[in-house]
Peer 1: 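Let me begin by handing over the structure; questions about it come next.
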Amino acid sequence: MAHTHDHASQGHDHSHGAGHVHGSTDKKRVLIAACLTAGFMVVEALGGLLTGSLALLADAGHMLADCVALGLAWYAFHLAGRPATVRLTYGFGRVKTLVAYTNGIAIFAIALWIVYEAWGRLLTPEPVLGGPMLVVAIAGLAVNIGSFYVLHGGDRGSLNMRGAILHVLGDLLGSAAAIVAALVILATGWTPIDPILSVLVALLILSTAWSLMREAAHVLLEGVPASLDRDLIARDIEATVKGVREVHHMHVWSLDGSSNMATLHACLNDGVDAHMAVSAIKKRLAQEHGIAHATVEPEFGRCADSHEHDDEHEHAHDTASHRGHYH
């Protein structure tokens, strides 16, 4: 029985080239955003302490976490460029997804801290210096807009880049909330607006962080990408690739949220050239379904994974419906 494990040449080369370009530019974008965030974090923290503003302190705390998160995101892009090893045969591409998931957890922790601090401020209001708070918040907004603009031009299909953008977006919302709070305090003297707006920002961050974590977890669990349907792909191969009688034992997953992969058994009609059939399957997967890396096992007659002496199992394998075979 032949067993082919080659890349679909056209799809793989194009995907790899595009991924390399995106990875290089995204790495630079994340580094620039990290430097901008770190540079203003200290200013905002001092401003929060001097003015007594929880909104500024919350945003500074978020920026501190962002410095770490953006640093990890940069390092993940750095690792992803390394070649595969004997122990890590797929390379380090999945590190980016792991960092994205970790970033989601960090955002959750920060948001919960903001809510906790805001509750204390509502129970025991503290004086806030609206004027200095407004100046610091406006400066922070400018820096965050700059960071967001740098990151927004990157590959938004990358979970790692989306995690970095999410952190900076949280900072941007925090600065905007601090500006609104400062204006209200200057106009009315009503200080509870500061913790109230902080909580609203925290809730917005929580919802987006949950979405990021859920998608990253799906990739880490090797779930089928949302843009693909495993059963439809299998039926498409059966319908379009000459000589393929049945497709089963099919698995579809993503390495890092953008590079899709698949393994499958292709049951071929007698007399079909296995090499030609496998090549046609790989070409179809790459061109029509965006799966650049596929491992295809051609079969004639009995499935290699079936029990050799189990007649009942073999009969079920031959007669069961297609959907039952997509293990």
Peer 1: Determine whether the side chains of His248 and Glu299 contain a donor N or O and an acceptor N or O closer than 3.5 Å.
Peer 2: yes

Peer 1: I'd like to know if Leu98 and Trp253 are part of one continuous hydrophobic network [Ile/Leu/Val/Met/Phe/Trp/Tyr, side-chain heavy atoms within less than 4.5 Å].
Peer 2: no

Peer 1: Identify whether Leu49 and Leu129 are in the same connected component of the hydrophobic contact network (ILVMFWY, side-chain heavy atoms under 4.5 Å).
Peer 2: no

Peer 1: Rounded to the nearest 0.5 Å, what separates atom CZ in Phe40 from atom OG in Ser175?
Peer 2: 7.0 Å

Peer 1: As an exercise, state the distance from OG1 of Thr37 to CG of Asn144, rounded to the nearest 0.5 Å.
Peer 2: 6.5 Å

Peer 1: With Met250 as reference, evaluate Val224, Thr263, Ile233, Val296 under the side chain to side chain contact (heavy atoms under 4.5 Å, CB included) test and give the passing residue.
Peer 2: Ile233

Peer 1: Are Ile237 and Phe300 linked, directly or through intermediate hydrophobic residues, by side-chain heavy-atom contacts shorter than 4.5 Å (ILVMFWY only)?
Peer 2: yes

Peer 1: Side chains of Leu173 and Leu200, heavy atoms from C-beta outward: is any pair under 4.5 Å?
Peer 2: no

Peer 1: Excluding sequence neighbours, so at least two apart, what forms side chain to side chain contact (heavy atoms under 4.5 Å, CB included) with His218?
Peer 2: none

Peer 1: Would you sort out whether Val244 and Val272 count as a side-chain contact (heavy atoms from CB on, under 4.5 Å), showing the intermediate values?
Peer 2: CA-CA 9 Å; Val244 176; Val272 172; over 6 Å; no

Peer 1: Would you say the side-chain atoms of Arg94 pair up with the backbone N or O of Ser254, donor to acceptor, closer than 3.5 Å?
Peer 2: yes

Peer 1: Which pair of non-hydrogen atoms, one from Leu197 and one from Ala177, has the smallest distance, and what is that distance?
Peer 2: CD1-O, 3.4 Å

Peer 1: Return the minimal non-hydrogen interatomic distance between Val128 and Gly52, and the atom names on each side.
Peer 2: CG2-O, 3.6 Å

Peer 1: If I compare all heavy atoms of Ala182 with all of Gly130, which pair ends up nearest, and what's the gap?
Peer 2: CB-O, 3.7 Å

Peer 1: Measuring from atom CD of Glu222 to atom CG of Leu220, what distance do you get when rounded to the nearest 0.5 angstrom?
Peer 2: 9.0 Å

Peer 1: Take atom CZ of Phe92 as the centre, draw a 6.0 Å sphere, and report whether it contains more than 12 heavy atoms from other residues, nucleotides or ligands.
Peer 2: yes

Peer 1: Is it the case that one hydrophobic cluster holds both Val115 and Leu166, taking links as side-chain heavy atoms less than 4.5 Å apart, direct or via other members?
Peer 2: no

Peer 1: Verify the cluster assignment for Met213 and Trp113: are they in a single hydrophobic cluster under the rule of side-chain heavy atoms below 4.5 Å apart?
Peer 2: no

Peer 1: Does atom CH2 (Trp190) have a neighbourhood of more than 12 heavy atoms from anything else shown, all under 6.0 Å?
Peer 2: yes

Peer 1: Between Val199 and Ala118, what is the shortest heavy-atom contact and its length?
Peer 2: CG2-CB, 3.3 Å

Peer 1: Quick one: pull up CD1 in Ile281 and CD in Glu238 and give me the separation to the nearest 0.5 Å.
Peer 2: 9.5 Å

Peer 1: Would you call Pro225 and Val252 a side-chain contact if the rule is heavy atoms closer than 4.5 Å?
Peer 2: yes

Peer 1: Compile the donor-acceptor pairs under 3.5 Å between side chains in residues 132-143 and protein atoms, sequence neighbours left out, one pair per line.
Peer 2:
none

Peer 1: Could you go through the side-chain contact (heavy atoms from CB on, under 4.5 Å) check for Val168 and Ile165 one step at a time?
Peer 2: CA-CA 5 Å; Val168 173; Ile165 292 174; 5.9 Å; no

Peer 1: Taking the side chain as everything from C-beta on, heavy atoms only, tell me whether Leu206 gets closer than 4.5 Å to Leu203.
Peer 2: yes

Peer 1: Specify the closest pair of heavy atoms between Ile185 and Ile193, including all atoms of both residues, with the distance to one decimal.
Peer 2: CG1-CG2, 3.8 Å

Peer 1: Yes or no on side-chain contact (heavy atoms from CB on, under 4.5 Å) for Ser198 and Arg121, after CA distance, side-chain angles and deciding distance?
Peer 2: CA-CA 11 Å; Ser198 298; Arg121 289 291 185 93; over 6 Å; no

Peer 1: Check whether Arg245 reaches the backbone of Asn269 with its side chain - one donor and one acceptor, N or O, closer than 3.5 Å.
Peer 2: no

Peer 1: Which atoms form the tightest heavy-atom contact between Tyr75 and Arg82, and what is the distance?
Peer 2: OH-NH2, 4.5 Å

Peer 1: Report the distance from atom OG1 of Thr295 to atom NE2 of His251, rounding to the nearest 0.5 Å.
Peer 2: 11.5 Å

Peer 1: Under the side-chain contact (heavy atoms from CB on, under 4.5 Å) rule, what do Glu288 and Thr240 come out as? Steps first, then yes or no, please.
Peer 2: CA-CA 11 Å; Glu288 298 298 326; Thr240 59; over 6 Å; no

Peer 1: Please round to the nearest 0.5 Å and tell me the distance separating atom SG of Cys303 and atom CD of Glu297.
Peer 2: 7.0 Å

